[in-house]
Amino acid sequence: MSNDPAKPDADKVEELASLKNWGAPVDWFKTHGCSNTAIDCGWGRLIFGQTFDGPEKLAALLQEEERGRRDIALYVREPHIVLAAAPLEVFLDPSHTFRRRFDSPLPEIGAQGLTIRQAQPEDQNRINAIFSSRGMILWEPDFVQNAKQRSELVLLVAEEPSSGEVVGIVEGVDHVAAIKDPDNGSSLWGLAVDPKATRPGIGQKLSLALAHHFKALGRAFMDLSVMHDNDDAIGLYEKLGFERVPVYCVKKKNTVNERLFVGPDSDSQLNIYAQIIVDEARRRGIRVEVEDEEAGLFRLILGARSVACRESLCDLTSAVAMSRCDDKSLTHRLLKAAGLMVPAQTRVANEREAIAFLEQHNRVVLKPVKGEQGQGVFVDLQSSKGVKIALQEARKISSEIVVEQFVTGDDVRIIVIDGAVVAAAIRKPASIVGDGKHSVHDLIEKQSRRREAATKGESRIPIDEETERCLRHAGYSMDSVLEDGQFLAVRKTANLHTGGTIHDVTPKLNESIAKAAVMAAEVLNMPVVGLDFVVPAIDQPAYWIIEANERPGLANHEPAPTVERFIDFLFPTSSPPLSQGVRASRSPNG
């Protein structure tokens, strides 16, 4: 079929006004050479169901879906008949279709401080990185390059001017160019925003930019698909004037969308650190017995082999090895004795000892001997008053306290499994970016909601004494209004649970740092461990090891194959499924 846009027949549009949700009769598409149409959208095919002259043909095409792709049939006239034609192969997608008609004014994009532009071929790697971080299917190689020659596709990206980094992507389809649509429509697909982006409202701005683009082309409306339980996305689109329309979507059953047609898992209350391991095990045919959802306890069974786990902590880690990591002071002593680089550290019993250490080192970190998720950790203390307050707060977590020399550099988490580095990621403290309108408090709340959504509730920026201390240190308060585009770090620690973000740097990791990580795992006798490093530069050999985590969060390191290597370690004879690396989409669209 031709991709040349065709001006819709005004008389035909009027004649079909009552059928706007369903499209023109099939004969119309036959006459115009657009019957049985599907277009490649990079992640799979968008199948225009209204162009098919029989449900059996549509069901047959869905069954031809390529492995690792996701085809979507929209505007299906008789979805129940399509399902009856292949009941074991296809399913009715549990999504709502929303439509924004362009007969009323669109809200302004309001993209001050953010650049929205056409995607370029050099953006594709960055776009795929965003898709990967959201568990979405990646675009095929050279897709952006090829899409530039196709009039039916519109690819827009959001770019942060201060860094030049692409932080969001949206794909649009012009139905007139694709199927000479007499309804004069368009649609939105593949909206994704980098979960680490600090600026609020990126998804909204991209959606509006695409709507403005199609309205300028003279289109009558823009449709999009939203999962039925995505309340945040539904609320956003309703706010922008979208309305639900009775349009249905049919897909092929596969491992990508399995969760949509098999129903909720019995262990759906597991946290993301346990769930990611359970999902990978089940993909390999390993049986899972959940012992306690709240604690993340489960057992994996394959043949005669059975391994009990609490998230990434398993039977193969001895109690003695675990105790070496649990006690930060002991970890420090063992690593230092092995010749590994660690900052100066001491246990303190009172304020006097802590202040004496501060006077010796000028800048210090104070933390409980035992603890996790950044609780009770105070970084870059520079005054006696700050040390006293931190000591009081840290003692709420543990009666035993260590004070450590503060060292500067990037905070890096390195995962070592079975004697090999499988992932390295720079962890950055929670930050916000001003818009010239909202207070620091409101920006923190907005960023927290985004972090919660991206991490299934695991990450949120606390509004507490430590956050307020960081703001005071930078010369701001909760009521301050930052200038548009102004960045501000609001925490000193980079823990995920306190709003920190994670940026994969595995390919860039210096060999000396990798060797130090492997050696540290050997010293502690830890088969699976997360090591916290501070490094001046990720590609240089200098480092300090801060501490070790016996139960590292493997979900934090996607797309690095941490969970795959973990299951390889537990069950060396298990085989990854053919669809390895493709996960169910967590995108708000489709």
Side-chain angles (χ1 to χ4, degrees), residues 273-274 276-277 280-281 295-300 305-343 345 367-374 377 398 402 404 411-425 427 495-497 502 506 509-535 543-557 560-572:
Y273 305 110
I276 190 175
I277 297 170
E280 177 65 19
L297 283 167
F298 53 90
R299 182 174 293 276
L300 304 180
R305 184 174 177 81
S306 173
V307 182
C309 301
R310 183 178 183 184
E311 299 166 8
S312 64
L313 179 64
C314 69
D315 283 340
L316 303 185
T317 299
S318 72
V320 173
M322 178 178 168
S323 70
R324 295 187 183 108
C325 295
D326 186 49
D327 184 327
K328 294 180 176 64
S329 180
L330 175 59
T331 304
H332 182 274
R333 294 199 304 274
L334 292 171
L335 297 181
K336 182 179 181 180
L340 294 164
M341 297 300 297
V342 292
Q345 186 192 89
K367 55 188 175 183
V369 168
K370 297 184 178 182
E372 58 183 6
Q373 299 180 354
V377 177
S398 171
V402 294
E404 185 175 271
D411 185 331
V412 182
R413 165 62 65 88
I414 300 176
I415 303 294
V416 178
I417 298 178
D418 196 21
V421 171
V422 298
R427 304 190 301 173
N495 298 78
L496 178 78
H497 294 84
I502 294 178
T506 308
L509 188 66
N510 183 271
E511 184 178 356
S512 294
I513 299 175
K515 288 181 178 178
V518 171
M519 182 177 176
E522 292 174 351
V523 169
L524 301 173
N525 195 27
M526 289 293 295
V528 179
V529 64
L531 295 155
D532 292 341
F533 279 62
V534 170
V535 303
Y543 70 88
W544 294 271
I545 303 178
I546 305 302
E547 58 186 60
N549 189 322
E550 73 279 1
R551 185 162 48 101
L554 304 185
N556 300 341
H557 291 270
T562 51
V563 68
E564 291 89 338
R565 298 296 81 79
F566 180 67
I567 297 298
D568 288 344
F569 168 62
L570 299 186
F571 298 92

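Here the structure is a predicted model, which is why all the values come from computation and not from measurement. Just so you know, these numbers use all the heavy atoms, side chains as well, and skip hydrogens, waters and symmetry mates. The first residue of the sequence shown is numbered 1, and numbering continues consecutively from there.
Counting heavy atoms from C-beta on, the side chains of Val416 and Met526 never come closer than 4.5 Å. Put simply, the side chain of Leu316 reaches to within 4.5 Å of the side chain of Phe569, judged on heavy atoms. The closest side-chain heavy-atom distance from Val307 to Arg305 is below 4.5 Å. Counting heavy atoms from C-beta on, the side chains of Leu524 and Leu334 come closer than 4.5 Å. Residues His557 and Ile415 form a side-chain contact, since some pair of their non-hydrogen atoms from C-beta on lies under 4.5 Å apart. Side-chain atoms of Arg565 and Asp568, non-hydrogen and from C-beta on, do get closer than 4.5 Å to each other.
Side-chain atoms of Arg310 come within 3.5 Å of backbone N or O of Ala295 as a donor-acceptor pair. At distances below 3.5 Å, at least one donor-acceptor pair connects side-chain atoms of Asp315 with backbone N or O atoms of Ala308.
A distance of 7.5 Å separates CZ in Arg551 from CE in Met322, rounded to the nearest 0.5 Å. With rounding to the nearest 0.5 Å, the separation of CD1 in Ile545 from CE in Met341 is 9.5 Å. For the atom pair CD1 (Ile277) and CG (Leu570), the distance works out to 8.0 Å, reported to the nearest 0.5 Å. Atoms CH2 and CG, on Trp544 and Leu340 in that order, are 14.0 Å from each other to the nearest 0.5 Å. Taken from CE in Met519 to CG in Leu531, the straight-line distance is 12.5 Å, to the nearest 0.5 Å. Atom CZ in Arg427 sits 7.0 Å away from atom CD1 in Ile502 (nearest 0.5 Å).
The two atoms that bring Gly553 and Tyr273 nearest to each other are CA-CD2, 3.4 Å, heavy atoms only. Nearest heavy-atom pair across Asp327 and Ser329 is OD1-N, 2.9 Å. Residues Ala555 and Ile276 share a closest heavy-atom pair of CA-CD1, 3.7 Å. Considering all non-hydrogen atoms of both residues, Ala560 and Thr506 come closest at CB-OG1, 4.4 Å. In this structure, Ile417 and Thr562 approach most closely via the heavy-atom pair CD1-O, 3.6 Å. When every heavy atom of Lys328 is checked against every heavy atom of Pro368, the shortest pair comes out as CD-O, 3.4 Å.
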Using the side-chain contact (heavy atoms from CB on, under 4.5 Å) rule, take Ile513 and Val412 through it: C-alpha gap first, then chi angles, then the decisive distance, then the call. CA-CA 10 Å; Ile513 299 175; Val412 182; over 6 Å; no

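A salt bridge links Lys367 with Glu547: at least one charged nitrogen is closer than 4.0 Å to a carboxylate oxygen.
Screening Asp532, Val528, Val529 against Pro552 for a side chain to side chain contact (heavy atoms under 4.5 Å, CB included) leaves a single residue, Val528.
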